Number of protein chains: 2
Amino acid sequence: MNIGDVAERAGLPPKTIRYYEEIGLVRPERMPNGYRRFRDRDLHKLRFLGRARALGFSIEDCRTLMDLYEDESRESAQVKALAEEHLQAINDKIAQLEEMRATLSHLVRSCHGDDRPDCPILRDLAQSG
Amino acid sequence: MNIGDVAERAGLPPKTIRYYEEIGLVRPERMPNGYRRFRDRDLHKLRFLGRARALGFSIEDCRTLMDLYEDESRESAQVKALAEEHLQAINDKIAQLEEMRATLSHLVRSCHGDDRPDCPILRDLAQSG
DNA sequence: TATAGGGGTTCCAGCCACTGGAAGCTCAAG
DNA sequence: CTTGAGCTTCCAGTGGCTGGAACCCCTATA
């Protein structure tokens with residue numbers, strides 16, 4: 001497979017795949033003309049990475065997860081711990097965004113939004129406390 | 001006020017304030033020794049920026065909000081539109097994170113997390129569909 | 001056979017919003 | 001006079017790509 005093929009099958013842009021190679025997440029072979037050659041194993045890895053990234057894992061987490069995946073003697077506790085940590089981070093992020101949403105939606109509701117300059121949103125941002 | 005004072009009062013790190021000057025969000029004067037001198041007006045601006053950033057507005061949005069704040073003839077509709085757009089972005093982000101959370105918490109629950117290698121989390125990441 | 005196009009390659013720069021660190025200057029206290 | 005805190009500038013790095021330039025390779029068509 002060329003990079004375009006594997007990109008389509010893995011659902012990732014070619015640029016991203018080149019980047020993943022650069023940081024050592026995949027190691028495709030090369031053909032005599034310099035093109036990358038992707039095997040099924042590489043495609044499998046890329047799909048794994050795509051799914052892990054879609055769940056919000058960082059690149060370094062993805063690297064760890066791949067290592068664990070390929071380590072037959074892993075302990076599932078390690079995987080679970082990593083996932084739980086990430087889940088906690090997601091929960092924190094959601095909580096933070098929900099706080100923003102609460103404040104912001106309140107402000108939006110309180111602003112009439114017409115052609116007059118008076119604006120509770122700006123008033124709130126400007127208030128010191 | 002020196003940068004340290006204003007940093008403490010605005011609740012922002014000095015580094016951030018220097019950066020805000022660099023991108024033209026504040027324009028403190030200079031003292032003969034080269035130190036920045038911050039007036040109350042600068043402090044006010046920095047607090048405004050800090051609050052807007054805390055609500056998740058981008059730097060460019062903050063710039064626009066400040067411009068609107070200082071424009072006596074603004075229309076509150078402009079402010080409201082900006083805030084609504086940002087609120088929508090927050091809602092989208094929350095929805096995305098909640099989807100991650102749903103999948104991930106399901107996976108975490110299904111993994112026994114002991115010393116054996118068998119792991120539904122890795123199985124899920126590895127499955128092609 | 002020339003050429004057009006749609007692949008592929010590398011490398012560099014930029015995104016966002018800071019943050020860390022080095023090297024050096026200024027100022028107040030002891 | 002020294003010490004140390006605080007200020008200055010400048011450069012580099014963060015994460016995870018993404019855009020673009022300049023160039024090479026391969027196939028199909030006029």
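Throughout, protein chains are lettered first and strands after them, A, B, ... in sequence-line order, and every chain is numbered starting at 1. In this text the structure is predicted, and so the values were computed from the model without any measurement.
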So how far off straight is the helix from dT1(C)-dA30(D) to dG30(C)-dC1(D), going by the axes through five pairs at either end, to 10°?
30°
Could you check whether Pro13(B) gets within reach of a base, just the sugar-phosphate, or nothing at all, counting any heavy atom under 4.0 Å?
sugar-phosphate
Contacts of Arg41(B) that satisfy side chain to side chain donor-acceptor pair (under 3.5 Å) - sequence neighbours left out:
none
Does the base of dG20(D) carry an N or O that pairs as donor and acceptor with the side chain of Lys15(A) under 3.5 Å?
yes
Residues passing the ring pair (Phe, Tyr, Trp, His ring centres under 6.0 Å) test with Phe48(A), sequence neighbours excluded, are Tyr69(A)
If you draw a 6.0 Å radius around CD in Glu85(A), do more than 12 non-hydrogen atoms from other residues or ligands fall strictly inside?
no
I need the CZ-C1' distance between Arg37(A) and dC25(D), as an integer number of Å.
16 Å
Side chain to side chain contact (heavy atoms under 4.5 Å, CB included) assessment of Leu46(A) paired with Arg9(A)
CA-CA 9 Å; Leu46(A) 288 169; Arg9(A) 294 196 212 184; over 6 Å; no
Sidechain-backbone polar pair: Asp5(B) side chain, Asn2(B) backbone, donor-acceptor under 3.5 Å
yes
Check Ser76(B) against Cys119(A) and note the closest heavy-atom contact, atom names and distance.
CB-CB, 3.9 Å
Which is the 5'-most and which the 3'-most nucleotide of DNA chain C that has an atom under 4.0 Å from a heavy atom of chain B?
dA17(C) to dC27(C)
Please state how far atom CG in Asp5(B) lies from atom P in dG6(D), giving the value in whole angstrom units.
10 Å
salt_bridge(Arg36(B), Glu22(B)) N-O dist < 4.0 Å:
no
Verify side chain to side chain contact (heavy atoms under 4.5 Å, CB included) between Lys93(A) and Ile94(B), making sure each step is shown before the conclusion.
CA-CA 9 Å; Lys93(A) 189 76 195 161; Ile94(B) 290 175; over 6 Å; no
Any donor-acceptor N/O pair, Arg47(A) side chain to Ala10(A) backbone, under 3.5 Å
no
DNA chain D contacts among residues 17-34 of chain A, heavy-atom distance under 4.0 Å:
Tyr19(A), Tyr20(A), Asn33(A)
Which pairs pass ring-ring contact (aromatic ring centres under 6.0 Å, His included) with one or both residues in residues 85-112 of chain A, sequence neighbours excluded?
Phe57(A)-His86(A)
Expected list for residues 86-97 of chain A near DNA chain D, using heavy atoms below 4.0 Å, is none
Any Arg36(B) side-chain N or O less than 4.0 Å from OP1/OP2 of dC7(D):
no
Cluster link Tyr35(B) to Phe38(B), ILVMFWY, side chain under 4.5 Å:
no
So, with a heavy-atom separation below 4.0 Å from DNA chain C, the residues of residues 53-66 of chain B are Arg53(B), Ser58(B), Ile59(B)
Which pairs, protein N/O on one side and nucleotides 2-5 of chain D N/O on the other, fall under 3.5 Å?
none

Partners meeting side chain to side chain donor-acceptor pair (under 3.5 Å) with Glu60(B) (sequence neighbours left out):
Arg63(B)
Assess whether side chain to side chain contact (heavy atoms under 4.5 Å, CB included) is satisfied between Lys15(B) and Arg18(B), documenting all intermediate values.
CA-CA 5 Å; Lys15(B) 279 258 180 191; Arg18(B) 288 193 196 99; 4.3 Å; yes
Please name all residues satisfying side chain to side chain donor-acceptor pair (under 3.5 Å) with Asn91(B), sequence neighbours left out, ordered by chain then number.
Arg101(A)
Would a distance-only check, ignoring hydrogens and angles, find a side-chain to backbone donor-acceptor pair under 3.5 Å from Asp42(B) to Arg39(B)?
yes
Minimum heavy-atom distance Leu55(A)-Met100(B), with the two atoms named
O-SD, 3.5 Å
Residues two or more places apart in sequence or in another chain: which of them pass side chain to side chain donor-acceptor pair (under 3.5 Å) with Arg123(B)?
Asp118(B)
Given the rule in the side chain to side chain donor-acceptor pair (under 3.5 Å) test, do Asp92(B) and Gln88(B) qualify, once you have shown the distances and angles that lead to the verdict?
CA-CA 6 Å; Asp92(B) 293 352; Gln88(B) 187 53 56; 2.8 Å; yes
